[in-house]
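Note that ligands are numbered from 1 as they come in the structure, with each ligand's atoms numbered from 1 the same way. Computed from heavy atoms alone, side chains included, the values below leave out hydrogens, waters and symmetry copies.
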Amino acid sequence: MVTRFAPSPTGRLHVGHAWSALLAMDMAHARGGAFRLRIEDIDGTRSRPEHVAGIVEDLRWLGIAWDGDIVFQSARLDHYEAALQRLEAMGLLYPCFCTRADIMASSAAPHGPEGPVYPGTCRGLGDGERSRRIAAGEPHAWRIDMAQAAERAGPLRWDALPFPAEDGARAQPVQARPLLAGDVVLARKDAPASYHLSCTLDDAAMGVTHVLRGDDLRGATDIHRLIQALLGLPSPAYIHHPLLLGADGRRLAKRDGSIALADLRAEGADPRQLASDLRQARFPIGISLASA
Ligand code: GLU
């Protein structure tokens with residue numbers, strides 16, 4: 001068994017991250033497996049090296065130990081590029097010149113599990129216009145033509161394991177519905193990969209057999225399953241855990257400084273006690289588990 005924790009270095013870790021990382025570590029180590037750490041640092045605008053150091057410090061403080069070297073996505077750009085070229089050669093990608101404002105302004109954009117669904121504005125551009133705008137240096141992302149990709153891959157399922165993990169639990173096949181997300185971005189304007197592409201490729205490259213992550217990423221799992229099928233990658237089992245809510249009833253986010261591990265440490269929290277509490281799903285005051 002290989003599990004992983006894959007934070008983005010866009011802020012310090014909060015209690016929810018710590019809980020997720022502890023669960024993933026314990027799950028692998030209880031079965032003689034490996035727990036890996038991957039830093040998802042290709043968001044050039046929001047990733048910060050000081051947050052990488054902070055994450056490592058926070059994890060060590062809590063007694064979270066990973067196996068092998070830390071994998072940095074910023075060191076794997078060539079792999080993403082190569083996969084992108086394969087998908088492009090299959091005719092499944094198109095350049096998208098839209099800005100965020102263009103997409104927001106499109107009243108047609110319905111909401112999917114991943115936020116507003118791209119209305120497909122650039123899908124219909126002719127080859128001539130595409131080449132001309134790329135040659136002129138117009139910034140562009142690469143989107144997947146989801147309808148075509150889904151048709152090529154055929155019906156797909158991913159394996160879901162229950163949360164909390166039960167020994168001997170059988171995986172339930174879940175039908176993947178990638179079309180709900182629309183034509184998601186696979187390469188961003190500022191990076192040769194998006195979260196969906198890099199995460200899927202890295203989980204495969206790192207030999208991850210069990211992905212444990214928050215319920216908010218179920219929609220992403222559908223997309224990752226599709227990318228696996230297109231690129232001939234193995235599909236791990238997925239365990240989606242409930243999110244943690246703050247006192248305001250909203251999901252924890254890096255904005256809620258009060259529950260950052262760094263703050264708990266500064267307040268003199270005992271890391272062993274905290275880790276033990278989290279393992280029993282006992283959370284600091286005001287924090288609760290969202291109901292499934
Ligand atoms: N970097 C992503 C995050 O922090 C990882 C999500 C995942 O586990 O796939 O949300």
Remaining members of the apolar cluster that contains Y195, side-chain heavy atoms under 4.5 Å: L217

Under a 4.0 Å threshold between the charged nitrogen and the carboxylate oxygen, would R272 count as salt-bridged to D270? no

Salt bridge check, D58 against R265: does any charged N sit closer than 4.0 Å to a carboxylate O? yes

Find all atoms of ligand 1 within a distance of less than 4.0 Å from any non-hydrogen atom belonging to [X], and give their numbers and elements.
{"X": "R213", "answer": "7 (C), 8 (O), 9 (O)"}
{"X": "L217", "answer": "6 (C), 7 (C)"}
{"X": "Y195", "answer": "5 (C), 6 (C), 7 (C), 9 (O)"}

The answer for which part of H17 has a heavy atom under 4.0 Å from ligand 1 is neither

Using a 4.0 Å heavy-atom threshold (strictly under), name the region of V211 that reaches ligand 1: side chain, backbone, both or neither. neither

Quick check: does C199 get an N/O under 3.5 Å from an N/O on ligand 1? no

Any heavy atom of F5 closer to ligand 1 than 4.0 angstrom? no

So do the side chains of F97 and T121 get within less than 4.5 Å of each other, counting heavy atoms only? no

Taking side chain as C-beta onward, heavy atoms only, is D102 less than 4.5 Å from R100? no

Please identify each residue that fulfils side chain to side chain contact (heavy atoms under 4.5 Å, CB included) with R46, with sequence neighbours left out. T10, D43

